[in-house]
Amino acid sequence: MSFLKKENRTFRIDSNFFIKKSLSVDNKIKSMNHFYISEENIVSGPFGSSLKSDAYLNAGVPFIRIENIKNGFSISTDNLIYISEFDNSRLKSSQLFEDDLILSKVGNTIGYYARVDSNIKNCNISENNIGIKLNSYNRDVKHYIMTFLNSKYGNILTLRRISGNAQPKLNVFDISEIPIPQFNEEFYKKISDKIIKADEQKQHSKSLYSQAEELLLGKLGLKDWRPKNTFHTTKKFSDFAQSGRLDAEYYQPKYDDLFERLQKVDCKTIKEIQIINYRGFQPEYVENGKIDVINSKHILEDGLDYENFEKTDEVSFNNAVRAQVKYGDILTYTTGANIGRTQVYLSEKKAMASNHVNMLRVKDVNPIYLALVLNSKIGRMQTEKSSTGSAQVELYPDDLASFIIPILPEAIQTKIASLIQQSFECKAQSKQLLEDAKRMVESEIEKN
């Protein structure tokens, strides 16, 4: 297999480009056999004028923005938006496919390379992203290139090429100047095997979570249920007096339909099972603090983003006893687009919740089971019902306290919680395999 080699054409005189550590890494890689990705295979997303925000859809071709590039390797599907097949074909130059790479060219996520994996398969990218097309390489080399670029050496070489002070950025040309160390096919395959196993663990994680959700909805007779979608309903004046709500959306028949079905099983309100139910506290952030702070942005679809918690110090932590999070506490996103999204804190580390995160501690119910209920259509519909009719979408502790929760037998709750925990373990194993691949690449560079 032939690899592109070329002379460095970068002309820079700024001090950042000549920092001793990054210059040393650059020279080290260039002293080895190395190659470059052709500039022809590196593309920038279309200008904003080419695709207005009103073209965004809820389904179609995934459209990757900088908020979907977080920790390297994987594209985050949190807040993922889509565009039409027509717009995708119109923006053909920035189309990407499985095993192609995406990185942010602006913002605080510069330096992370995410891979278009088998879940995404094909996508397009925003104007703030750069796409790297790797169709000219075989799969093993593609996986190796991605792993190198996400390694500490790839990160140093990428950050070295950032230009601009007021608004740091990367250009297409900058990526084509990053030297990539060249090894043998056997080594590339070892790296690729790790990536493939990581993918398998990720898929298994999703499968286990789906099994848990299907078990929950199956036991409740809600697996194939679709709520009634009628345009009118009749309510008594006492209903308005009791709820204090006058907006028509609050009284949609679909909510009554859900509650009628839940009456077939034992149910309790959250108020009946809660030990604590209130929001956290906004702390003073400390850059090198030792205490984790959980914000709403850390409550993801597939767990808590433990690796990117904010930090504070012991003083702030001790001054906010009510906001201190314990193992098994249920944390809910209370303001904004992902309102109602819920995850359980499964760590013994000291942490506190910020003021836009609701803390729920319960008795007599498995918290992991309860979190799944809140994330299912049962919880999402009740969140929707509580938050409609407001300019600023909010979910308050009193709203959450009124939620009706089906209480399945303890054995079923335990089985559901076990599936969720296995799902989290597979996800952790997937991340570890990716980290192992990075360490292998770094070690091979250092041996040379």
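Owing to the predicted nature of the structure, the values given are computational and were not obtained by experimental measurement.
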Report task. Check whether any side-chain N or O of Ser151 sits under 3.5 Å from a backbone N or O of Phe148 as a donor-acceptor pair, and report yes or no. Result -> yes
Query raised in the report: If you round to the nearest 0.5 Å, how far is CD of Gln432 from CD of Glu425?
Result: 14.0 Å
Report summary line: Rounding to 0.5 Å, atoms CG (Leu262) and CG (Leu222) come to a distance of 6.0 Å
Query - Under 3.5 Å: donor-acceptor pair, side chain of Asn41, backbone of Ser38 - result: no
Requested in this report: Say whether Thr269 and Ser402, considering side chains only, have a donor N or O and an acceptor N or O under 3.5 Å apart.
Outcome: no
Requested in this report: Decide yes or no on side-chain contact (heavy atoms from CB on, under 4.5 Å) for Leu408 and Leu220, but give the supporting numbers first.
Outcome: CA-CA 9 Å; Leu408 291 176; Leu220 297 174; 3.7 Å; yes
Report task. State whether Glu442 and Arg439 are salt-bridged, where the test is any N-O pair (Lys NZ or Arg NE/NH1/NH2 against Asp/Glu carboxylate O) under 4.0 Å. Result -> yes
**Report entry** Check against side-chain contact (heavy atoms from CB on, under 4.5 Å), Asp78 and Glu67
**Finding:** CA-CA 8 Å; Asp78 270 27; Glu67 51 261 55; over 6 Å; no
Query raised in the report: Is the backbone of Ile273 close enough, under 3.5 Å, to the side chain of Lys268 for a donor and an acceptor to pair up by distance?
Result: no
Query raised in the report: Any side-chain donor-acceptor pair under 3.5 Å between Glu85 and Tyr82?
Result: no
Query raised in the report: Does a side-chain N-to-carboxylate-O contact under 4.0 Å join Asp100 and Lys133?
Result: no
Query raised in the report: Between Lys142 and Glu98, is the closest basic N to carboxylate O distance under 4.0 Å?
Result: no
Query - Lys219 atom NZ, neighbour heavy-atom count above 12 within 6.0 Å - result: no
Query - Criterion side-chain contact (heavy atoms from CB on, under 4.5 Å) on Leu331 and Gln343, from CA distance to verdict - result: CA-CA 5 Å; Leu331 307 177; Gln343 296 296 343; 5.7 Å; no
Query - side-chain hydrogen bond (donor to acceptor under 3.5 Å, both in side chains) between Asn366 and Glu410, worked out - result: CA-CA 8 Å; Asn366 188 300; Glu410 184 178 349; over 6 Å; no
Report task. Work out which heavy atom in Gly111 is nearest to a heavy atom in Asn150; give both atom names and the distance. Result -> O-OD1, 4.5 Å
**Report entry** Pair Asp193 + Lys197: basic N to acidic O under 4.0 Å
**Finding:** no
Query raised in the report: Between Ser347 and Tyr345, is there a donor-acceptor pair closer than 3.5 Å when you use the side chain of the first and the backbone of the second?
Result: no
Query raised in the report: Would you call Arg341 and Glu301 a salt bridge, using N to O less than 4.0 angstrom?
Result: yes
Requested in this report: Return the orientation label for the Phe309 and His298 ring planes: parallel under 30°, perpendicular over 60°, tilted otherwise.
Outcome: perpendicular
Query raised in the report: Would you say the side-chain atoms of Asn318 pair up with the backbone N or O of Glu314, donor to acceptor, closer than 3.5 Å?
Result: yes
Query raised in the report: Are more than 12 heavy atoms from other residues, nucleotides or ligands located less than 6.0 Å from atom NZ of Lys190?
Result: no
Query - Verdict with reasoning, Leu134 to Asp99, per side-chain contact (heavy atoms from CB on, under 4.5 Å) - result: CA-CA 7 Å; Leu134 298 177; Asp99 283 332; 5.9 Å; no
Report summary line: Heavy-atom nearest pair, Leu96 first then Gly131, reads CD1-CA, 3.9 Å
Query raised in the report: Does the side chain of Thr332 come under 3.5 Å of the side chain of Asn358 through a donor N or O and an acceptor N or O?
Result: no
Report task. Starting at OH of Tyr113, measure out to OG1 of Thr147 and round the result to the nearest 0.5 Å. Result -> 13.0 Å
Query raised in the report: Taking all non-hydrogen atoms of both residues, which atom of Asn122 and which atom of Phe97 are closest, and how far apart?
Result: CB-CD2, 3.6 Å
Query raised in the report: Is it true that a side-chain atom of Gln324 and a backbone atom of Phe317 form a donor plus acceptor pair closer than 3.5 Å?
Result: yes
Query raised in the report: Less than 4.0 Å between a side-chain N and a carboxylate O, is that true for Glu435 and Lys438?
Result: yes
Query raised in the report: Do side-chain atoms of Thr77 reach the backbone of Leu80 as a donor and acceptor pair under 3.5 angstrom?
Result: no
Query - Closest approach of Ala371 to Val344 (non-hydrogen atoms, all atoms of both residues) - result: CB-CG2, 3.5 Å
Report task. Show your working on salt bridge (charged side-chain N to carboxylate O under 4.0 Å, His left out) between Lys297 and Glu310 and close with a plain yes or no. Result -> CA-CA 10 Å; Lys297 68 181 180 182; Glu310 304 288 351; 2.9 Å; yes
Report task. Classify the side-chain pair Asn68/Asn79 by whether it contains a donor and acceptor separated by less than 3.5 Å. Result -> no
Query raised in the report: Counting only N and O atoms by type, is there a donor-acceptor contact under 3.5 Å from the side chain of Asn124 to the main-chain atoms of Ile83?
Result: no
Query raised in the report: Is atom CZ of Arg139 surrounded by more than 12 heavy atoms (other residues, nucleotides or ligands) closer than 6.0 Å?
Result: no
Query raised in the report: Gln95 side chain to Asn88 main-chain N or O, any donor-acceptor pair under 3.5 Å?
Result: yes
**Report entry** Test item: Lys194 side-chain N/O and Met440 main-chain N/O as donor-acceptor pair under 3.5 Å
**Finding:** no
Query - Test log, rule side-chain hydrogen bond (donor to acceptor under 3.5 Å, both in side chains), inputs Asp313 and Ser316 - result: CA-CA 6 Å; Asp313 55 23; Ser316 294; 3.2 Å; yes
Report task. Give a yes-or-no answer on whether the side chains of Ser386 and Gln382 include a donor-acceptor pair shorter than 3.5 Å. Result -> no
Query - Straight-line distance of Leu216 CG to Tyr369 OH, nearest 0.5 Å - result: 5.5 Å
Query raised in the report: Are more than 12 heavy atoms from other residues, nucleotides or ligands located less than 6.0 Å from atom CZ of Phe86?
Result: no
Requested in this report: May I ask you to check whether Asn295 and His356 show a side-chain donor-acceptor distance below 3.5 Å?
Outcome: no
Query raised in the report: Is Asp199 salt-bridged to Lys202, cutoff N-O under 4.0 Å?
Result: no
Requested in this report: Quick one: pull up CG in Asn128 and OG in Ser44 and give me the separation to the nearest 0.5 Å.
Outcome: 8.5 Å
Query raised in the report: Can you say whether the rings of Tyr188 and Tyr144 are parallel (under 30°), tilted (30 to 60°) or perpendicular (over 60°)?
Result: tilted
Report task. Measure the CG-CD1 distance between Asn171 and Ile162 for me, rounded to the nearest 0.5 Å. Result -> 11.0 Å
